[in-house]
Amino acid sequence: MYRLLSWSLGRGLLRAAERRYRGYSARLLPGPAGGPGPEMEVPPPRVAPHGRGPGLLPLLAALAWFSRPAAADEEEQQGAGGAAAEDAADEVEAEIIQLLKRAKMANLAFIRGQLENAEQLFKATMSYLLGGGMKQEDNAIIEISLKLASIYAAQNRQEFALAGYEFCISTLEEKIEREKELAEDVMSVEEKANTHLLLGMCLDSCARYLLFSKQPSQAQRMYEKALQISEEIQGERHPQTIVLMSDLATTLDAQGHFDEAYIYMQRASDLARQINHPELHMVLSNLAAILIHRERYTQAEEIYQEALKQAELKRDEVSVQHIREELAELSRKSRSLT
């Protein structure tokens, strides 16, 4: 349940544009122009620019910096050559604006369930970045690849989904291994941490798909790695760490490892209470389900009641309905045992 990493895609667009501009020779720069990117046998899906913050204006300002000659050379750039350079710079800016819009549209299409449209838009964005010289291991490419894998998973295209997840995870693991000894003046601690967090996000997404596909043992290994990353970088009390702890417990519970699942879920619920986690009611509901599997019905009912109150406070009607159904089923079970 990792959040999107900020601005790696935006930075990627800027780098791609810089490479393209530096390589021009009095001609308009080639680009995707609007059509979808090429189909990929193995998708080589998570960041789109936010509506606020350091987005389009700083990006265009940077492009303007790249698109203007040094003051000493300005006179030499007059005439036809200068006009061509200005036209090329304008083309780059227009292309970047179009690509930013396309990336935002891709995210909106994905959120709205318009998966085929989102797929084509993400592929077009990736095509532009790779065409600009970006490497496949760049975090921006990985984030788009992760979103594509999530689209394939939602479409039940298992082969493509698993190939996409495998690409993201293996590429990041190799990248982290190569870069772990780099000095801070070469690669900052923050950059290394962001790459680790992106790996955790990929592991988390893949684990959820594996659990949904009824492959809990494989999902368990993914969750264990994702949890370790989140604990090391974000700390045990971070909301994402707590959710991953709960998800790992659910995966263990699905395999019948009830005692081990209870240890993780009890810890997750304790931490969720301490920080007033926004999804406390869901963590408590999961804890109650594990208690039922351990045949601790009285305690399970108490936890369900606590979860119900929290769900009502959050006005989460779906969870409220689910918890009430579980309480009714628990009541029937308890009566049958007396």
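- Interatomic distance, CG of Leu210 versus OH of Tyr165, reported as 8.5 Å (0.5 Å rounding).
- Closest approach of His281 and Asp316 over heavy atoms only: NE2-OD2, 3.0 Å.
- With hydrophobic clusters built from ILVMFWY side chains whose heavy atoms lie under 4.5 angstrom apart, Ile323 shares a cluster with Leu330.
- Within the 4.5 Å cutoff, side-chain heavy atoms of Met245 are placed close to those of Thr241.
- Counting non-hydrogen atoms of other residues, nucleotides and ligands closer than 6.0 Å to CD of Glu159 gives a total of 12 or fewer.
- Residues Tyr128 and Met134 form no side-chain contact, since every pair of their non-hydrogen atoms from C-beta on lies 4.5 Å or further apart.
- Using a distance-only test at 3.5 Å, with no hydrogens or angles considered, no donor-acceptor pair links the side chain of Ser127 to the main chain of Lys123.
- In this structure, Leu244 CG and Glu224 CD are separated by 12.0 Å, a value rounded to the nearest 0.5 Å.
- A salt bridge between Arg332 and Glu329 is present, with a side-chain N of the basic residue lying under 4.0 Å from a carboxylate O of the acidic one.
- Atom CG in Leu130 sits 11.0 Å away from atom OG1 in Thr125 (nearest 0.5 Å).
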side-chain contact (heavy atoms from CB on, under 4.5 Å) evaluation trace for Met222 with Ile169: CA-CA 10 Å; Met222 299 288 182; Ile169 293 169; 4.0 Å; yes
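- Of all the heavy atoms in Thr251 and Gln220, the pair that sits closest is CG2-N, 3.6 Å.
- In terms of hydrophobic clustering, with Ile, Leu, Val, Met, Phe, Trp and Tyr side chains grouped at heavy-atom distances under 4.5 Å, Phe258 and Leu252 are assigned to different clusters.
- Minimum interatomic distance between Ala268 and Ile242 (heavy atoms only, all atoms of both residues): O-CG2, 3.5 Å.
- Under 4.0 Å is where a charged nitrogen must lie from a carboxylate oxygen, and between Lys333 and Glu301 no such pair does.
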His277 and Val243: CA distance, side-chain angles, deciding distance, side-chain contact (heavy atoms from CB on, under 4.5 Å) verdict: CA-CA 9 Å; His277 197 289; Val243 170; 3.6 Å; yes
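- Contact between Lys180 and Lys192 at its shortest, heavy atoms only, is O-NZ, 3.4 Å.
- A distance of 4.5 Å separates CD1 of Ile142 from OG1 of Thr171, quoted to the nearest 0.5 Å.
- At a threshold of 4.5 Å between non-hydrogen side-chain atoms, the residues His322 and Ser285 count as touching.
- More than 12 non-hydrogen atoms from other residues, nucleotides or ligands lie less than 6.0 angstrom from CD of Gln274.
- Side-chain N or O atoms of Ser269 include one that pairs as donor or acceptor with a backbone N or O of Gln266 at under 3.5 Å.
- Taken to the nearest 0.5 Å, the CG atom of Asn286 stands 10.0 Å off from the CD atom of Glu279.
- By the rule that hydrophobic residues join a cluster once side-chain heavy atoms approach within less than 4.5 Å of another member, Leu271 and Ile275 end up as members of one cluster.
- Linking Ile, Leu, Val, Met, Phe, Trp and Tyr whenever their side-chain heavy atoms come within less than 4.5 Å puts Leu197 and Phe167 in one cluster.
- Heavy-atom minimum distance, Ala153 versus Ala161: N-CB, 3.6 Å.
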Intermediate values then yes/no, side-chain contact (heavy atoms from CB on, under 4.5 Å), Glu173 and Lys225: CA-CA 11 Å; Glu173 288 178 336; Lys225 293 179 181 179; 3.9 Å; yes
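- Test Tyr264, Tyr262, Tyr304 against Leu287 for side chain to side chain contact (heavy atoms under 4.5 Å, CB included) and you get one pass: Tyr262.
- Rounded to the nearest 0.5 angstrom, Ile229 CD1 and Gln240 CD are separated by 12.0 Å.
- Between Gln234 and the options Glu232, Glu236, His238, Glu231, a side chain to side chain contact (heavy atoms under 4.5 Å, CB included) holds for only His238.
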Asn139 vs Glu191, side-chain contact (heavy atoms from CB on, under 4.5 Å): CA-CA, chis, key distance, verdict: CA-CA 10 Å; Asn139 285 3; Glu191 287 179 295; over 6 Å; no
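- Distance alone, capped at 3.5 Å, places no donor-acceptor pair between the Lys314 side chain and the Leu280 backbone.
- Counted within 6.0 Å of CZ on Arg178, heavy atoms from surrounding residues, nucleotides or ligands total more than 12; the atom is thus considered enclosed.
- In terms of modelled atom types and a separation under 3.5 Å, the side chain of Glu306 and the main chain of Glu302 share no donor-acceptor contact.
- Of all heavy-atom pairs between Ile144 and Phe122, the closest is CG2-O, 3.6 Å.
- Both Leu172 and Leu162 belong to a common hydrophobic cluster when Ile, Leu, Val, Met, Phe, Trp and Tyr are linked at side-chain heavy-atom distances under 4.5 angstrom.
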Step-by-step side chain to side chain donor-acceptor pair (under 3.5 Å) determination, Gln321 to Glu325: CA-CA 6 Å; Gln321 180 64 27; Glu325 291 173 357; 3.0 Å; yes
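- Ile292 is listed as a side-chain neighbour of Tyr297, based on a closest heavy-atom distance under 4.5 Å.
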